[in-house]
Amino acid sequence: MIAKRSGNILNIGSIAGVYAYPLRTPYNATKWAIAGVTQTIAAEVGPYNIRCNCLSPGPTEGDRAFNVIRRRAEATGKTFEEMKKFYEDQIPIKRFVTPEEVAKAALFLVTEDSSGITAQHFCVSGGIEVL
């Protein structure tokens with residue numbers, strides 16, 4: 001990319017990289033690191049016309065999120081349904097995002113439509129990180 005003086009790096013993080021996430025400390029720490037690495041890389045390679053951003057999904061419909069909810073429910077003595085509702089109640093749009101919504105954001109960040117965007121932590125989360 002440096003030799004071509006052009007490129008686009010899209011790191012995949014998580015909203016766990018922007019706020020505390022109890023009972024998930026190792027995961028949380030790695031996601032905070034991705035956010036910092038994204039900004040550092042963007043500063044290092046920006047002069048070469050290379051952009052670097054971080055896409056950070058929030059709770060996303062599917063098995064991966066549901067497995068986290070199951071484990072957290074077990075750890076706290078709640079049912080899966082209670083824990084899922086707990087998550088949904090924290091999301092301003094009151095639902096998990098879809099994989100398609102995350103994919104559309106990723107596509108935006110790697111196209112010329114976002115040519116002026118770099119060093120950003122772009123959350124697709126229904127707004128959960130602002131609460």
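The first residue of the sequence shown is numbered 1, and numbering continues consecutively from there.
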- With Ser114, which residues qualify under side chain to side chain donor-acceptor pair (under 3.5 Å), at least two apart? Arg51
- Item | Distance (rounded to the nearest 0.5 Å) between Ile69 CD1 and Lys84 NZ | 6.5 Å
- Nearest-0.5 Å distance that lies between atom OG1 in Thr118 and atom CD in Gln39: 9.5 Å
- Message: With clusters defined by side-chain heavy atoms of hydrophobic residues (ILVMFWY) lying less than 4.5 Å apart, directly or transitively, does Ile117 cluster with Val37?
- Response: no
- Item | Pairing residues for Arg71 by the side-chain contact (heavy atoms from CB on, under 4.5 Å) criterion, not counting sequence neighbours | Arg24, Asn67, Val68
- Partners passing salt bridge (Lys or Arg N to Asp or Glu O under 4.0 Å) against Glu44 (at least two apart in sequence or in another chain): none
- Query: Can you list the residues that meet the side-chain contact (heavy atoms from CB on, under 4.5 Å) rule with Thr38, with sequence neighbours excluded?
  - Reply: Asn11, Ile34, Cys52, Cys54
- Query: Trp32: which other cluster members, linking ILVMFWY side chains closer than 4.5 Å, directly or transitively?
  - Reply: none
- Note on the structure: Residue pairs passing the ring-ring contact (aromatic ring centres under 6.0 Å, His included) test with at least one member in residues 69-94, sequence neighbours excluded, are Phe66-Phe80
- Item | Listed partners of Ser6 passing side-chain contact (heavy atoms from CB on, under 4.5 Å), at least two apart | Asn49
- Query: Which pair of heavy atoms, one from Ala106 and one from Leu55, lies closest together, and at what distance?
  - Reply: CB-CD2, 3.6 Å
- Mind checking side chain to side chain donor-acceptor pair (under 3.5 Å) for Lys31 and listing every partner two or more places apart, or none if nothing turns up? none
- Determine whether Met83 and Phe96 fall in the same hydrophobic cluster, where Ile, Leu, Val, Met, Phe, Trp and Tyr are linked whenever their side-chain heavy atoms lie under 4.5 Å apart. yes
- Grab the two heavy atoms, one from Gly58 and one from Val97, that are nearest each other, plus how far apart they are. O-CG2, 4.3 Å
- Counterpart residues, side-chain contact (heavy atoms from CB on, under 4.5 Å), relative to Ala35 (two or more places apart): His121
- Atom CD in Gln120, atom OG in Ser56: separation rounded to 0.5 Å? 11.5 Å
- Message: My understanding is that only residues two or more places apart in sequence, or in another chain, count here; which of them pass salt bridge (Lys or Arg N to Asp or Glu O under 4.0 Å) with Lys85?
- Response: Asp89
- Mind jotting down which residue pairs meet the salt bridge (Lys or Arg N to Asp or Glu O under 4.0 Å) criterion with at least one end in residues 90-115? Sequence neighbours excluded, please. Arg95-Glu101
- Spacing of CG belonging to Leu10 relative to CZ belonging to Phe122, to within rounding of 0.5 Å: 10.0 Å
- Item | In one Ile/Leu/Val/Met/Phe/Trp/Tyr side-chain cluster, 4.5 Å: Ile128, Val124 | no
- Query: Where do Ser125 and Ile91 come nearest, in terms of heavy atoms and distance?
  - Reply: O-CG2, 3.7 Å
- Message: Are the side chains of Met1 and Val45 in contact, using a 4.5 Å heavy-atom criterion?
- Response: no
- Under the side chain to side chain donor-acceptor pair (under 3.5 Å) rule, collect the residues that match up with Tyr48, sequence neighbours excluded. none
- Query: Which pair of heavy atoms, one from Ile9 and one from Ile50, lies closest together, and at what distance?
  - Reply: CD1-CG2, 4.1 Å
- Query: Considering all heavy atoms of both residues, which atom of Thr60 and which atom of Pro99 are nearest to each other, and what is their separation?
  - Reply: CG2-N, 3.8 Å
- Ile15 versus Tyr19, closest heavy-atom pair with distance: O-CD2, 3.2 Å
